[in-house]
Each structure stands twice: as structure tokens, then as C-alpha cells.
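One structure below.
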Amino acid sequence: MFKRTHTCGELDRSFVDEIVKLNGWVNTVRLHGKIVFVDLRDRYGKTQLVFDENSFSEDFGKIKKLSIEDVISIKGFVNNRDDSSINPDMKTGNIEIIVSEFIILNESSPLPFVLSDRSSAEEQFRLKYRYLELRIEELQKNLMFRHDTYQATRDYLSKNNFLEIETPILMKSTPEGARDYLVPSRLHHGKFYALPQSPQIYKQILMISGYDRYFQIVKCFRDEDLRADRQPEFTQIDIEMSFVDEEDIFSNMEDLTRAIFSTVKGIELPNPFPRITYRDAMELYGSDKPDTRYDMKLIDLKLFTDKSEFNAFSSVESVRGFVVKTGAKYSRKFIDELTEELKKHKAKGLAWIKYQEGKFIGGISKFFSESLQVEIVEYLKINDGDILFMVGDSNDIVCKSLGKLRNLIAEKEGLANKNNYKPIWVTEFPMFDYDEENKRFIAMHHPFTAPREEDIDKLDNSPAMALSRGYDLTMNGHEIAGGSIRIHSPKIQKKIFSLLGLSHEQAVEKFGFLVEALQYGAPPHGGIAFGFDRLVMLLAGTENIRDVIAFPKTTSATSLMDESPNYVDGSQLDELGLSLKG
RNA sequence: GGGAUCGUAGUUCAGUUGGUUAGAACGCCGGCCUGUCAAGCCGGAGGUCGCGAGUUCGAGUCUCGUCGGUCCCGCCA
């Protein structure tokens, strides 16, 4: 092997006539008989090699055996290309290497698929041969974004006095939240470790231990069903701070987020980030992670529909809707598709009215008198050619389904520019969700989230009304971070456990060590965790979490490359004291 | 747990109403070729139509089941 003097991405005209040595993969071969062009590739770029029968010192026949993805090592000189043969699409397109000697370091078998682009094979094959797919520029770029994000994060936090501290991967299984991944214990048959859903408890204990600014870029594990933006193992930027309130968290985390976007993408985010309460987010955007890149806010229309003849809306709790500019062009078929989508979100239907040539047309327009039409047009500032969509139902269903519709329309109309980044804090979440099935309250954030000072009284009488000190940082319709000010009073912590239906014994059994720790001088503290993969997705401009993870799993939590999970030898089970059912 | 959708050559796809020998492009193999950059031209090989049943004289095509991928609902504090 010739030790490389340069990479394949760095040579230009300033190197002309220099003798250079390059290593890399054969990206393409263009064979012309007595002259052969090869694009040599490494992760820094591509450089054109020229094998000329006249200037090549060795057996020219050897070159004709070159095939795609062979690994080679070459020696040659940098040649200035004629104006007519410059390739403006290549960074190194002004030059080429006239090769005098070369070594094939390793031949490649014919490839299972062409490495030209991501669409050249189904994902199933690309995941099986992930090591080949990772050679494609798009994925290399994504992993570089990821690297830059790690570094920007560590740089900012370290400079601001946060300590990076590792917490255990083998821990105790805790109730609430997601299903745990379990690890059987060899030394303690019948006992199991759990992989952390997050280092939540450890980071709170670190606060109690006095490490008042902690962070960790850490893998978390949740055994739940997957989605395009969800993997069974994923990465968080986990952060916790002592002697702080919401404002300290917000300002520090905004600075961190701005630092990341500025260094990784060269984008300056607003200062400060806007905020919205959970309630306003749900009522105006129909989502707890509002995409504020476009308007189309949900508007209460109950007063108007009650004056109409449309009886389906007269008995419902809530009627809301929003206007889509130029939406009158939508076909019946398209509106039907939207309706089907809304039914997934429990809406019974989608009411619509087109406004054309000064009057309501189609849909439920006949139920609205002329004077009522004028009122509505004025109130909503409807223009000719617009469409009004409405849903009537319980307020919860109305908001959530319209929120979904809002996103669908934005996608259809191209309103969501992925180079436009709109962060917004969501605050004042309720403490609890009520689980109708099990007739009990469930922590909306997690059981260590503090209630608002003024809502502590409500815990006794109307816990459903109590708001928490939890917050989410959202951007472009994604939750990129979530956290809260924690409970540091053992008394309130016990009350929350009891509201969650955990008996004193259960709470002590599951979280006793934390409750105990709270008694020994716990400082007021709070924190947040960023979904690192989703953050990188946003930075890389992709909608798929697998695009930003080197070795991702499928939506059924398998790895097609190494075929995990898999069976184990019976002797391994014996050692663990396990036997399989059936 | 539920819904939708996809599975045909190494890969991406086409394949009519169920009907003779399942096609194309790229890749692969062989040949020609001195300026290409998705090189070009000529020729060739390559198929358990995911798997298993069923309907039928006859199934890539229809039915049921099953396996796998993707997307969504539930779920994911």
C-alpha cells in the first residue's frame, strides 16, 4: 500500500504537477480501451484517476480487471485538466491524477445493489447491507451532522460548567412509562436488570449529591412499538441543574440550542424563543408540538354554527375550523381522503365550505343563511377561492383532529419549509392524564414532575385541574426536548405517588431510594432531555430517524444486518436460570 | 393489538379479463473502443413470481393463511 499523501476531496489546481498517493474505493470505471478513467472515492470526496497506456508503467491489462468498490492505492501526478474536460459538478473537477503505479488492496465482489443513490434498492436490502449504504454521500453527510451536533453540545455545556457523568446501563426496573428492556442476572437467578428508559432517577440523585450541573449524551431504551421517528434504542442529551427555576432552564437550553444550530447549520435562532401554554397549543394548533412555520390557526366557530341550520353541530361541545387559502380548488376525492385521515383521529366527519364568487358553495353551505355567510366571511377574513374546514365534537377530538388536518394541508401546500426552523416552548402541562380503562391518574410527564406552587391545593380536590412545572421544547412540529422542575419535597413526592395509585409500600419498593434521598438535603432542581436523534433529523432535513443512525433497527425492532434479536444457546439460558415457554 | 401498502432476474420495475416460451432498464460476464465523468457500441448468461394451502382444465394474476419491509392508529411518563 502507498501511504496516502492526500484524501480524495482535497486536491485542486494548487497541487498541479505534484506526485501524490491516494487510497480509496473505485466509485466508477469508464473504460475506453487505451485510456481508463476511474473515480476514486473516500469519505472526503472523489478524485478522477487517469490510466493512460502510454504513461502507465505496469501491465495495462491489469487495469481492465478493476471493478466497482475495489479498494486501491495509487501513485501519480496531479494534472491540470483542459478547459473542455473540467467537471464543474466535482469539487476536484479541475484536476485529475495521471497514475503511474497502482495496487489493488482488496477486490470487491459484485454488489447486491448499485450504490448510486438511496432509492436504488428497497430499505430491506439497504439495511441488510448497511455497511454498503453507509458509503453513500447522503448518509455520510447525516453522520457528519450528527458528529457536529455531539461536539457543539459538549463544547457549549462544558464551557458552561456542566459535568459529563455516566450513569448505569444496568439498572432497576421501574413502573410507569414505557415497557422496559430486561436483562436477566446470572448471579441472582430470577432477578433482572432493566435498561434505562432515561437516566431520570440517577440525574436527580446527582443533584442531591451536589453535582449541580450535569449532562450526558446517553442511550435510552424503550420496548414500545416503533414509528418513522422512533427507535427502540435512541440517544438523549440528558441535562439536570440545581438551584434553578424554569427561567434558568429556558435561558440555558435556548443558548445550547442556538449554539448547536449556529455551529452545525450556520442558522441563528430567535432570542428568546417564543412560548405557548399547553392549552393554547391544543386549542390554536391542535397539537402539543405546534408547527408554527405556517398560520392556519384553529378558530372557535360554535357561535356561528349554532345560528346555522346544520343540526349535527348544534348538540356538540365544540366546533372549530380553519381557512385554507386557495383551498376551493380541492377535489371531492381529496377532501374524502382528508376525511378518512381524520376518522383515524376519532372525528366523525369533516365539514367544508368553499367560498367562490362571493358566496358559500358545496359541502354544508346550504345550511348557512346569506346574512350568516357575510358574518362568517368577515370574521374569518375569507377570500374568494378559499375553503373552510370544520369539525364538531368534544373539544378534545375537535382540536386533535383539526391539528392533524392542519399538518396534512401544510404538507400538501408545501407550507412547511424544512430550512425554516421555528422553536417554541410549550408550558403549563396538566399534571395528570386520566386513564379511563384502569380508572386512575397517570403522570403526564413523569412522577417526579413538580406541580405549580399555586396548584398544590388542587392535588387534594381536583387533581385533573392541577398544572405542572413541565415544559417541552418543540420545533417544526417535533418535540425536541422535554423536562420539568422536579419535586424536591418528600411530602409532595409521596402525595403524587399516592395519586398515581402507588401504595406507600409500592412506592417505597420501586422508588424508595429516591424518596429516601430526598430527605437528606435535596436542592430545588430541574432538567430536560433532548431527543438527540430527532434534533439531528431536523438539522439533516430528513423525516426518518434511520437516516441519522449508523446501524438502525426496523419498525419491528430487528437489525437486518446482524440479525438481532436471535436465539441463544441452551447453556446460556441454563446459566441464567431461564427456560423458554412452549 | 389493529389498519393500509409493498414483495416478480443481482437491483429497480412492467406483466391486460386467469391462457402459449414471464419482459425492460441498470448491474454482471465476454468483445470493440485514447478524453470520459450515469461514457458509448455489439453479444451473452441470469427466474422456487416471498412461503404454504385453496379455487380452476389452467394462477405471477383470484381466495385464505403465513413471513418480511414501510407508513399510520393504539402504545411510547
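Throughout, protein chains are lettered first and strands after them, A, B, ... in sequence-line order, and every chain is numbered starting at 1. Below, all heavy atoms of this structure are taken into account, side chains as well, without hydrogens, waters or symmetry copies. Keep in mind that this is a model prediction, so the values were computed, not measured.
Atom-to-atom, CD of E107(A) to C1' of rC28(B) comes out at 15 Å; the value is rounded to the nearest Å. Per the geometry, CZ belonging to F125(A) stands 12 Å off P belonging to rG50(B), to the nearest Å. To the nearest angstrom, C1' of rG1(B) lies 14 Å from CG of D223(A). Between the P atom of rU11(B) and the CD1 atom of I68(A) lies a distance of 16 Å, rounded to the nearest Å. The distance from atom CD of E337(A) to atom C1' of rA4(B) is 13 Å, rounded to the nearest whole Å. For the pair E133(A) CD and rU12(B) P, the computed distance is 12 Å after rounding to whole Å.
With P as the reference atom, rA4(B) and rU63(B) are 13 Å apart, rounded to whole Å. Comparing the P positions of rA59(B) and rG18(B) gives an interatomic distance of 13 Å, to the nearest angstrom. Comparing the P positions of rG23(B) and rU16(B) gives an interatomic distance of 14 Å, to the nearest angstrom. The same atom, C1', is picked in rU70(B) and in rA38(B); the two are 28 Å apart, to the nearest Å. Rounded to the nearest Å, the gap between the P atom of rA39(B) and that of rC28(B) is 10 Å. Distance check on atom P: rC42(B) versus rA24(B) gives 14 Å, rounded to whole Å. Spacing between rC41(B) and rG46(B) at atom P, rounded to whole Å, works out to 24 Å. Comparing rU8(B) with rA14(B), their C1' atoms are spaced 10 Å from each other, to the whole Å.
Judged by the 6.0 Å distance and 45° axis criteria, K412(A) is positioned over the aromatic ring of F334(A). Cation-pi geometry between K62(A) and F102(A) is met: under 6.0 angstrom from the ring centre, within 45 degrees of the axis.
Aromatic pair Y44(A)/H6(A): centroids not less than 6.0 angstrom apart. Residues F250(A) and Y471(A) bring their aromatic ring centres within 6.0 Å. In this structure, F56(A) has its ring center closer than 6.0 angstrom to the ring center of F51(A).
With both pairing distances under 3.5 Å, rA14(B) is matched to nothing as a Watson-Crick or G-U wobble pair. Nucleotide rU34(B) is matched to nothing when pairs are restricted to Watson-Crick or G-U wobble geometry with both distances under 3.5 angstrom. rU70(B): Watson-Crick or G-U partner is rA4(B), with both key distances under 3.5 Å. Of all nucleotides present, only rG44(B) satisfies the Watson-Crick or G-U wobble test against rC28(B), with each distance under 3.5 Å. Searching all strands for a Watson-Crick or G-U wobble partner of rC57(B) with both distances below 3.5 Å returns rG19(B). Pairing for rA39(B) is absent, judged as Watson-Crick or G-U wobble with the two contacts each under 3.5 Å.
Ion pairing between a basic and an acidic side chain is recognised when a charged N comes within 4.0 Å of a carboxylate O; K289(A) and E479(A) show no such pairing. Remark: D336(A) does not engage K333(A) in a salt bridge, criterion side-chain N to carboxylate O under 4.0 Å. Remark: R43(A) does not engage E137(A) in a salt bridge, criterion side-chain N to carboxylate O under 4.0 Å.
Along RNA chain B, the nucleotide nearest F113(A) and the nucleotide nearest P110(A) are compared for position; the residue whose nucleotide lies closer to the 5' end is F113(A). For the pair A121(A) and G177(A), nearest-nucleotide mapping onto RNA chain B gives the more 5' position to A121(A).
Applying the ring pair (Phe, Tyr, Trp, His ring centres under 6.0 Å) test to H446(A) and every residue at least two apart in sequence or in another chain returns F448(A).
Between F441(A) and Y434(A), the two ring planes are perpendicular [angle over 60°; tilted spans 30° to 60°].
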Pairs: protein N or O with nucleotides 31-38 of chain B N or O, under 3.5 Å:
from, atom 1, to, atom 2, distance (Å)
rC33(B), N3, G33(A), N, 3.3
rU34(B), O4, N54(A), ND2, 2.8
rG35(B), N1, E96(A), OE2, 3.0
rG35(B), N2, E96(A), OE1, 2.5
rG35(B), N2, E96(A), OE2, 3.1
rU36(B), O2', R30(A), NE, 3.4
rU36(B), O2, R30(A), NE, 2.6
rU36(B), O2, R30(A), NH2, 3.1
rU36(B), O2, Q48(A), OE1, 3.4
rU36(B), N3, Q48(A), OE1, 2.9
rU36(B), N3, Q48(A), NE2, 3.0
rU36(B), O4, Q48(A), NE2, 2.9
rU36(B), O4, R81(A), NH1, 3.4
rC37(B), O4', R30(A), NE, 3.0
rC37(B), O2, Q48(A), OE1, 3.4
rC37(B), O2, N87(A), ND2, 3.0
rC37(B), N3, R81(A), NH1, 3.0
rC37(B), N4, S85(A), O, 2.5

Below 3.5 Å between N/O atoms, which protein atoms pair up with nucleotides 69-73 of chain B? Just atom names and distances, please.
from, atom 1, to, atom 2, distance (Å)
rG69(B), OP1, T554(A), OG1, 3.0
rG69(B), OP1, S556(A), OG, 2.8
rG69(B), OP1, T558(A), OG1, 3.2
rG69(B), OP2, S556(A), OG, 3.0
rG69(B), O4', Q124(A), OE1, 3.4
rU70(B), OP1, T555(A), N, 3.3
rU70(B), OP2, T555(A), N, 2.9
rU70(B), OP2, T555(A), OG1, 2.3
rU70(B), O3', R546(A), NH2, 3.1
rC71(B), OP1, N544(A), ND2, 3.4
rC71(B), OP1, R546(A), NH2, 2.9
rC71(B), OP2, R546(A), NH1, 3.4
rC72(B), OP2, A228(A), N, 3.2
rC72(B), O2', K344(A), NZ, 3.1
rC73(B), OP2, R227(A), NE, 3.0

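Heavy-atom neighbours of K203(A) NZ from other residues, nucleotides or ligands within 6.0 Å: above the threshold of 12.
Note on F448(A): nothing from the nucleic acid sits closer than 4.0 angstrom, heavy atoms only.
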